[in-house]
There are 2 protein chains.
Amino acid sequence: MLIGEFAKRVGVSTDTIRFYGKVGFFSSSRSENGYRHYTEKDIETADLIASGKSIGFSLREILAFSQEMADGVLDHARAQESLQSKINLIDERIASLKRVRKLAQQQLDYCRAVEAQELSV
Amino acid sequence: MLIGEFAKRVGVSTDTIRFYGKVGFFSSSRSENGYRHYTEKDIETADLIASGKSIGFSLREILAFSQEMADGVLDHARAQESLQSKINLIDERIASLKRVRKLAQQQLDYCRAVEAQELSV
DNA sequence: GTAAACCTTGGAGTACGCTCCAAGGTCCAG
DNA sequence: CTGGACCTTGGAGCGTACTCCAAGGTTTAC
Ligand SMILES: [Zn+2]
Ligand SMILES: [Zn+2]
Ligand SMILES: [Zn+2]
Ligand SMILES: [Zn+2]
């Protein structure tokens, strides 16, 4: 499919798609008139970009990750090491999020308690 | 304490501290010669910035959050609503992280399986 | 054959979060 | 009173991730 349809399907602008292409994502095949072509696999890549971005990875990190997902070319030891370190990073982020969540929850509880006290006085 | 000592204690550059100050963080008290002063409370703020950043919040989001943490001035209903929405956002991020973690884990398992098969052939 | 709806490139501009000057004031030790 | 280690401001520059625009080629539809 062409860039307009592709962009609509993945929910971003055509400019953004071209930008991702420059970074190194997608199959980069063109028809004779120069128009970019996108496949279902590119849709999966776009979904991975969305996921990665939503959890705070940079486009370059996501690119490296998606290349490890492709595997086959890379040697297994390297790919496994990289995937494992990515998993460790994710675990750290989850732990961080939980810490901040706890902080927010405590503050929320505190705020409610103060409010209740104010109302009872 | 002065900016140099403060920056060292929180582990960032003095430029970064001044930048955070411009954004709106810290107590912004100065001595007569114009030097910035920082307190233990500012250390806590800096820690909050570090946590917030590590989990993908922007400085403005962290600023809003830290102001809600201060509370007292704001009305309770508003503060509670905002804290709750922040907790919901954190929960979404945790869910996203877990999804990507699962993807990575599957790929890792797959990579190991392929490697094992290659060795046995 | 021309209008509309596509596509192309390049380059400029934006917001964020720094980072690095330059030029100069302040403070303290010897 | 001079050197060195602080501090100040302002402004430039940078990497990331877009976003917008101008100028122009292609395709399809009437
Ligand atoms: Zn195609
Ligand atoms: Zn409250
Ligand atoms: Zn002080
Ligand atoms: Zn493998």
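Convention: sequence-line order gives letters A, B, ...; per-chain numbering from 1.
- Nucleotide C/dT8 holds its P atom 12 Å from the CZ atom of A/Phe6, rounded to whole Å.
- Between the CD1 atom of A/Ile49 and the C1' atom of D/dT16 there is a distance of 14 Å, rounded to whole Å.
- Mapped onto DNA chain D by nearest heavy atom, B/Lys22 and B/Lys8 fall at different nucleotides, with B/Lys8 at the one closer to the 5' end.
- For A/Phe65, there are no ring-ring contact (aromatic ring centres under 6.0 Å, His included) partners at least two apart in sequence or on another chain.
- In terms of the salt bridge (charged side-chain N to carboxylate O under 4.0 Å, His left out) criterion, residue partners of A/Arg18 (sequence neighbours excluded) are, by chain and number, A/Asp15.
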Below 3.5 Å is the cut-off: list the nitrogen or oxygen pairs between protein and nucleotides 23-26 of chain C, distance only.
{"from": "C/dG25", "atom 1": "N2", "to": "B/Tyr35", "atom 2": "OH", "distance (Å)": "2.6"}
{"from": "C/dT26", "atom 1": "O4'", "to": "B/Tyr35", "atom 2": "OH", "distance (Å)": "3.2"}
{"from": "C/dT26", "atom 1": "O3'", "to": "B/Asn33", "atom 2": "ND2", "distance (Å)": "3.2"}

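- Note: CG (B/Leu59) to P (C/dC16) measures 9 Å, nearest angstrom.
- Among the nucleotides D/dA17, C/dG17, C/dC7, the one closest to the side chain of A/Lys53 is D/dA17.
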Using distance only, find each side-chain donor-acceptor pair of residues 112-121 of chain B under 3.5 Å and give its atom names and separation, not counting sequence neighbours.
{"from": "B/Glu115", "atom 1": "OE1", "to": "A/Gln80", "atom 2": "NE2", "distance (Å)": "2.8"}
{"from": "B/Glu118", "atom 1": "OE1", "to": "A/His76", "atom 2": "NE2", "distance (Å)": "3.0"}
{"from": "B/Glu118", "atom 1": "OE2", "to": "A/His76", "atom 2": "NE2", "distance (Å)": "3.2"}
{"from": "B/Ser120", "atom 1": "OG", "to": "B/Gln117", "atom 2": "O", "distance (Å)": "2.9"}

Solution key, residues 56-63 of chain A side-chain donor-acceptor pairs under 3.5 Å, sequence neighbours excluded:
{"from": "A/Ser58", "atom 1": "OG", "to": "A/Glu61", "atom 2": "N", "distance (Å)": "3.2"}
{"from": "A/Glu61", "atom 1": "OE1", "to": "A/Ser58", "atom 2": "N", "distance (Å)": "2.8"}

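- Residues passing the salt bridge (charged side-chain N to carboxylate O under 4.0 Å, His left out) test with B/Asp47: none are found, sequence neighbours excluded.
- Using a 4.0 Å heavy-atom cutoff across all strands shown, B/Ser58 reaches sugar-phosphate atoms only and no base atom.
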Enumerate all atom pairs, one protein N or O and one N or O from nucleotides 19-21 of chain C, separated by less than 3.5 Å.
{"from": "C/dT19", "atom 1": "OP2", "to": "B/Thr16", "atom 2": "OG1", "distance (Å)": "3.3"}

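- If you check the side chains of A/Asn88 and A/Glu92, you find no donor sitting under 3.5 Å from an acceptor.
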Can you list, pair by pair, the side-chain donor-acceptor contacts under 3.5 Å of residues 1-9 of chain B, counting residues two or more places apart and other chains?
{"from": "B/Arg9", "atom 1": "NH1", "to": "B/Glu40", "atom 2": "OE2", "distance (Å)": "3.0"}
{"from": "B/Arg9", "atom 1": "NH2", "to": "B/Glu40", "atom 2": "OE1", "distance (Å)": "3.1"}

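- In this structure, the salt bridge (charged side-chain N to carboxylate O under 4.0 Å, His left out) partners of A/Asp91, at least two apart in sequence or on a different chain, are B/Arg101.
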